[in-house]
Protein chains: 4
Amino acid sequence: MSFETQGDFESRVRASFARQGLMESFGAKMSEVAAGETVIELGFADHLTQQHGFLHAGVITSVMDSAAGFAAMTVMPEAAEVLTVELKSSLMRPAAAARFRVEGRVLKAGRSIIFTEAHAYGLDSGQSRLIAHLTASMMVIEGRDGVSG
Amino acid sequence: MSFETQGDFESRVRASFARQGLMESFGAKMSEVAAGETVIELGFADHLTQQHGFLHAGVITSVMDSAAGFAAMTVMPEAAEVLTVELKSSLMRPAAAARFRVEGRVLKAGRSIIFTEAHAYGLDSGQSRLIAHLTASMMVIEGRDGVSG
Amino acid sequence: MSFETQGDFESRVRASFARQGLMESFGAKMSEVAAGETVIELGFADHLTQQHGFLHAGVITSVMDSAAGFAAMTVMPEAAEVLTVELKSSLMRPAAAARFRVEGRVLKAGRSIIFTEAHAYGLDSGQSRLIAHLTASMMVIEGRDGVSG
Amino acid sequence: MSFETQGDFESRVRASFARQGLMESFGAKMSEVAAGETVIELGFADHLTQQHGFLHAGVITSVMDSAAGFAAMTVMPEAAEVLTVELKSSLMRPAAAARFRVEGRVLKAGRSIIFTEAHAYGLDSGQSRLIAHLTASMMVIEGRDGVSG
């Protein structure tokens, strides 16, 4: 697929990512931005765990949501903002790796709704394994008070 | 609905919640535990935000997942552990309140899968408004290596 | 919850339901319409089954989608049409009853997206049991070519 | 990905598909079966429509559920049956084409849960366009009374 973009979408996306307090507290880094795609990387940390010592399902889901949401933002008009309408996350394997790579991408860019998905991979001993998948509907917000901050 | 429980399920659930590094880093507290139900409370914090200054969709989703997962645990056998198979989160309003109350409950308790839901409310100026909803399938794990920690 | 409605929403909803060839082929009837709510009833039939002789998950999901979509339509402007953006269906028990009652309702009515849910009950020997649950995001379509038919 | 299979999985899957009254009433045909994958094809028909004359969201979802469920069945033990635990369907474009091709595949095969997805394409004038996507969790059922029929 190829997507239409406007202006310097990479700078807009990186600036918006930098304002996400949650991604900073997770230690997550946006490593790649392209038209319709982003990649976020994350290391294991004790403050991100559930009761068995794996990453909490919500951490992996949060990072997939960010990767998918910013993938959507790459194909939005310059002044538009993105909000998640809904997301579904499938947790296929325990998130027990040392590092994680999360790839978000646009499935279909509509005028008001952008359909996205994300794949999360656990990276350990040189191996990459699919651990989770997300689909999410992202809304294009233009000129609505109280969203831009 | 009434649910069958085993032994001191409240202590088991509270001990397991206390091991979730993520809920501690979020400042979330489990305020209520009953058969088939839990309540978790959470305050707004800057390290939990997305780019517009609201709570990140993933934070609300994480807390709904925990509330629903521990609701499922209340109706499981004593030695069983809970893992989230999948979750869907609907974000109905921006998470812009000062405090949040998240109620998880069991919809149907099966032998291997427990169907759950959660409602998240924003609390502000004495008002409570529904901001998000989750459904999740929780798996009952008995005696599988590597889950208990 | 109370919802704002416009004009004779019940007639609009019943006329639109009557145009759904699928509901007619299922033998489904819309039995109740109120602000923010609809009920659809359905009997078991051999042409609606999966391989074990239960109703196919897709049948229950289709009827829940219709009940939820028409619940959304009750709170839309008079000229608006409804389209399903996405749905999630949880199949809690096999759909093995003689008759089924599906209740759709609005969770939150926004300007462009209406969040809905539906519960499906199996009715047998005077008993009603929850067999499935759906959440769906419905889009409000106004004046877009090609939707009205 | 490569998947382990047992015996003549294609015959088992085709026989089970042939018992789905719903797929027969839809006029759907299973055109391909491979390890971890199936393809189902479907033509437009008036008895499958919603109120605007497109295929009902529930029809596309039903066929995606069948394609994904039988993809899961290809990697199950010989005596096992498949039941859908939950599904999420994203409706990206109106289902307005003359014919439809639905591809189901396994994302991760576990012992008790098989994670699947499906893509639905509208075929018109020699063009193929993605119109919908599904993810679903399929349960492996072995020796449970009342499922085989």
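By convention in this document, chain letters (A, B, ...) are assigned in the order of the sequence lines, proteins followed by strands, and residues within each chain are numbered from 1.
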Visitor: Would you say B:Glu86 and A:Lys88 make side-chain contact, with heavy atoms under 4.5 Å?
Guide: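 Yes, side chains in contact.
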Visitor: A:Arg14: which residues meet the salt bridge (charged side-chain N to carboxylate O under 4.0 Å, His left out) condition with it, sequence neighbours left out?
Guide: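 Checked A:Arg14 against salt bridge (charged side-chain N to carboxylate O under 4.0 Å, His left out); matches are A:Glu10.
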Visitor: Within the 3.5 Å criterion, strictly below it, is a donor on A:Gln50 or B:Gln20 matched to an acceptor on the partner's side chain?
Guide: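 There is no such pair between these side chains.
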Visitor: Looking only at heavy atoms and a cut-off of under 4.5 Å, which of B:Glu24, B:Met92, B:Met23, B:His47 has the most pairs with chain A?
Guide: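 Highest number of heavy-atom pairs under 4.5 Å: B:His47.
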Visitor: May I ask you to list the residues in residues 62-71 of chain B that approach chain A closer than 4.5 angstrom, counting heavy atoms only, ordered by number?
Guide: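 When heavy atoms of chain A are the reference, residues 62-71 of chain B contributes B:Ser62, B:Asp65, B:Ser66, B:Phe70 within the under-4.5 Å range.
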Visitor: Using a 4.5 Å cut-off on heavy atoms from C-beta on, say whether the side chain of A:Leu22 contacts that of B:Leu55.
Guide: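 When only atoms from C-beta onward are counted, A:Leu22 and B:Leu55 do not touch, as no gap falls below 4.5 Å.
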Visitor: Who are the side chain to side chain contact (heavy atoms under 4.5 Å, CB included) partners of B:Glu78, not counting sequence neighbours?
Guide: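 If we apply the side chain to side chain contact (heavy atoms under 4.5 Å, CB included) test to B:Glu78, skipping adjacent residues, the hits are B:Gln6, B:Arg12.
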Visitor: Side chain, backbone, both or neither: which part of B:Val59 has a heavy atom under 4.5 Å from chain A?
Guide: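 Contact with chain A: backbone and side chain both.
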Visitor: Would you please go through residues 26-41 of chain B and name the residues with a non-hydrogen atom below 4.5 Å from one of chain A, in numerical order?
Guide: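 Interface residues of residues 26-41 of chain B: B:Phe26.
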Visitor: Mind listing the closest non-hydrogen atom pair of A:Thr84 and B:Leu91 along with its distance?
Guide: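 In terms of heavy atoms, the two residues are closest at O-CB, 3.5 Å.
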Visitor: Roughly how far apart are A:His56 NE2 and B:Thr61 OG1, rounded to 0.5 Å?
Guide: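 Going from the NE2 atom of A:His56 to the OG1 atom of B:Thr61 covers 11.0 Å.
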Visitor: Do you know which two heavy atoms are closest between A:Gln51 and B:Arg19, and how far apart they sit?
Guide: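 Shortest heavy-atom contact: O-NE, 3.3 Å.
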Visitor: Where does B:Ser89 contact chain A at under 4.5 Å (heavy atoms): side chain, backbone, both or neither?
Guide: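 Contact with chain A: backbone and side chain both.
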Visitor: With distance as the sole criterion, is a donor-acceptor pair present between the side chains of B:His52 and A:Glu81 under 3.5 Å?
Guide: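 The criterion, which ignores hydrogens and geometry beyond distance, is satisfied for A:Glu81 and B:His52.
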Visitor: For B:Arg129, is the CZ atom crowded, meaning more than 12 foreign heavy atoms sit under 6.0 Å from it?
Guide: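 Atom CZ in B:Arg129 is not packed in, count stays at 12 or less.
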Visitor: Looking at B:Ser90, B:Ala15, B:Ser16, which has the largest count of heavy-atom pairs under 4.5 Å with chain A?
Guide: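 Most pairs with chain A among the choices: B:Ser16.
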